[in-house]
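Remarks on the structure that follows.
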Protein chains: 2
Amino acid sequence: MTKIKDVALAAGVSTATVSRVIANKPHVREEIRQRVLAVVDQLGYRPNLVARNLREQKSKIIGLIVSDIQNPFFRYISRSVEDVAHKNGFSVILCNNDEDPLKEKMYLQLMQDQNIAGIILSPTRQAVSKFETILKLNIPMVVIDRRIHNVEVDNICIDNVSSSFKVTQHLVEKGYQRIGGIFGKDSITGQERYEGYLNALKDSGMKSHSELVKFVAPREETGYQATLKLLQLANKPDALFTSNSLLAAGALRAIQEKKLAIPEQIALTTFDDTSWARLVTPPLTVIDQPAYEIGQTATELLMQRIDDPSRSTREITLNGKLIIRQSSTFHS
Amino acid sequence: MTKIKDVALAAGVSTATVSRVIANKPHVREEIRQRVLAVVDQLGYRPNLVARNLREQKSKIIGLIVSDIQNPFFRYISRSVEDVAHKNGFSVILCNNDEDPLKEKMYLQLMQDQNIAGIILSPTRQAVSKFETILKLNIPMVVIDRRIHNVEVDNICIDNVSSSFKVTQHLVEKGYQRIGGIFGKDSITGQERYEGYLNALKDSGMKSHSELVKFVAPREETGYQATLKLLQLANKPDALFTSNSLLAAGALRAIQEKKLAIPEQIALTTFDDTSWARLVTPPLTVIDQPAYEIGQTATELLMQRIDDPSRSTREITLNGKLIIRQSSTFHS
DNA sequence: ATGAAAGCGCTAACAC
DNA sequence: GTGTTAGCGCTTTCAT
């Protein structure tokens, strides 16, 4: 690989001058600049980013740590993070938590060890509760999707409690009586969505039935299993609310298998407006999370924090949007 | 950040000894080893990976370059690549091509500049046709999803032509007469799938109608638009074959909007068995690509190539599986 | 078995 | 405006 020394030699200048030209620094005679540029071109010289990183003590890479790239929500996030990052000359390392605090810790360490410029993190529940540890890493960071309280960190989420409240209230208004819920366990998100669900029931004077609520790992298969169990109850739910799209896919499969009519025999609503939510029969009522925007805003925030680490932190809350379709509109 | 020198000082040994202990090298007295380990622990020392990378001229990061992370197929790939990579102590940088040769080139450069250990690449069409240029980068590499001919490189794909043949033939057998197709443009994959489609028609003595074939960017929206156009023809197709799941989602939306009955008025089949393909009404007949396996095998291949760059290259072809559901089974 | 020192490729402080 | 050189943190050769 050709290095800066080779260029210097061939151009008859010092490495310092080459470095200045590369970095577009002033104080170089135009004539020399041209000469160096020509040699760079001719030799196909490319700066070694590792050496530069070591020397400058910082890289142009940011890390994105999410809990599951298979989840469409995080897919949109990752796409927007990449877009904004590249626009700013940064690359992105993407990693999965699997909601596992050990994996999370490992990745955070890795990024620190790699001199990563900054991190966009969707933290595990454990991380949320003792976030000071993570903050000690002292890396520019933006936390997404999970609310961190009483800690100085940029934080951008959607309002899970009120979004969840909205969709549950909608089911109540439509006259559903026994509203079941399947929530992600191990994640704050699932907890908050459960909270909104409970609030809505309480608010409308309805009793909550603990046998209608399941906490499971947020995957298609577990959603399927949990729904089957709910449908086996003597006193079945007449509506179901799942806290993400993977769970919804599983729930839908179970309901179809049991040949129950949606929304006549059971309503189905979920978080996440995936591409298929409006394609199934009937189309699903959903909470649309502005995933692309979350990633976009988070990355812009991170760029600013990298530029100025002492800048005051901010908390941004985006609102989920209730999109009513036919899967919840039988009664009334 | 504490560095190797600090540890050496605190343990009363040289940096060389600390380095040996860290790397688990022999020729260190057990007593000293213990002492150093204790200090490492106490000081919370972590090796600086950037410095190590610079010194050793190689990192423990691999790059994964795909054409679109939004495409569920690549999502599975990325998941399996990560899994296998981490099992081997590697991290993964993920990047999107968008089928754009310039972006692709940029990322390949970036990875070279970062001393990346190896790359898993789903190349653009342009890259396929002059792959020698990429090979010149001289980075351990495995090419997935696109077949590279006459070039010494590890290559793992599915058989697009025969998979496409299978599903088209299936439509013919079911008695469909005017079979339309929507294929990704700009990608070899789309070309090959078109080829299989043509072969199947020819094979069964059917005429192909060029007005029934569209080449578009592989996205939901374009699939939707293309389908609308096909449905506006005086002589509409009675079956439709899309070359990936995003196109299928768009096609399905268009068909639903036009209130055409599947499979009675039009059949719909596609590549990629996404989670929702069996959830829509009616469930879709698909070609299931073993995405997870492709990523897994590719990563294992890459690990081996990194270990031994002179090892002979291999080409692996996995077979797509035709899964027949109700979206194509009206006739007969 | 251990240490001193060179050097990976780069940038920047300092000298001229 | 340009060159010399130190040093980022690490591994490894070569002495001892």
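Chain naming here is simple, since letters A, B, ... match the order of the sequence lines and numbering starts at 1 in each.
- When the nucleotides dA1(C), dT12(D), dG9(D) are ranked by their closest atom to the side chain of Asn48(B), dG9(D) comes out on top.
- Between Gln57(B) and dG9(C) there is a side-chain polar atom (N or O) within less than 4.0 angstrom of OP1 or OP2.
- If Pro47(A) and His27(B) are placed on DNA chain C by their nearest nucleotide, the residue sitting closer to the 5' end is His27(B).
- For the pair Arg29(A) and dG1(D), the criterion of a side-chain N or O lying under 4.0 Å from OP1 or OP2 is not met.
- Rounded to an integer number of Å, the gap from Arg52(A) CZ to dA12(C) C1' is 13 Å.
- Between Val28(A) and Thr15(A), the residue anchored nearer the 5' end of DNA chain D, judged by the nucleotide with its closest heavy atom, is Val28(A).
- Phosphate proximity of dT12(D) to Lys25(B): present, with a side-chain N or O under 4.0 Å from OP1 or OP2.
- For Thr299(B) (side chain) and Gly295(B) (main-chain N/O), a donor-acceptor pair under 3.5 Å exists by modelled atom type.
- Here the nucleotide nearest the side chain of Glu56(B), chosen from dT12(D), dC10(C), dC10(D), is dT12(D).
- Between the NZ atom of Lys5(B) and the P atom of dC8(D) there is a distance of 7 Å, rounded to whole Å.
- For the pair Lys58(A) NZ and dT11(C) P, the computed distance is 12 Å after rounding to whole Å.
- Distances were taken from every side-chain heavy atom of Arg55(B) (C-beta onward) to each of dG3(C), dG7(C), dC10(C); the shortest belongs to dG7(C).
- Atom-to-atom, CG of Asp113(B) to P of dC10(C) comes out at 10 Å; the value is rounded to the nearest Å.
- No more than 12 heavy atoms of other residues, nucleotides or ligands lie within 6.0 Å of NZ in Lys105(B), so this atom counts as exposed by the packing criterion.
- Atom pair Asn115(B):CG and dC10(D):C1' shows a separation of 14 Å (rounding to whole Å applied).
- Put simply, CG on Leu9(B) is 15 Å from C1' on dA4(C), counting in whole angstrom units.
- Side-chain atoms of Ser187(B) and Arg146(B) form no donor-acceptor pair, as typed in the model, at a separation below 3.5 Å.
- Between the side chain of Arg20(B) and the base of dG3(C), a donor-acceptor pair under 3.5 Å is found.
- dG7(C) atom P lies 11 Å from atom NZ of Lys3(A), rounded to whole Å.
- Nucleic acid contact class of Val50(B) (heavy atoms, under 4.0 Å, all strands): none.
- At a cut-off of 3.5 Å, with distance as the only test, a side-chain donor of Arg311(A) or Gln304(A) sits close to an acceptor on the other residue.
- Annotation: Lys103(B), atom NZ; neighbour count of heavy atoms from other residues, nucleotides and ligands within 6.0 Å is above 12.
- Counting non-hydrogen atoms under 4.0 angstrom, Thr17(A) reaches the backbone sugars and phosphates but no base.
- Rounded to an integer number of Å, the gap from CD of Gln114(B) to C1' of dC10(C) is 14 Å.
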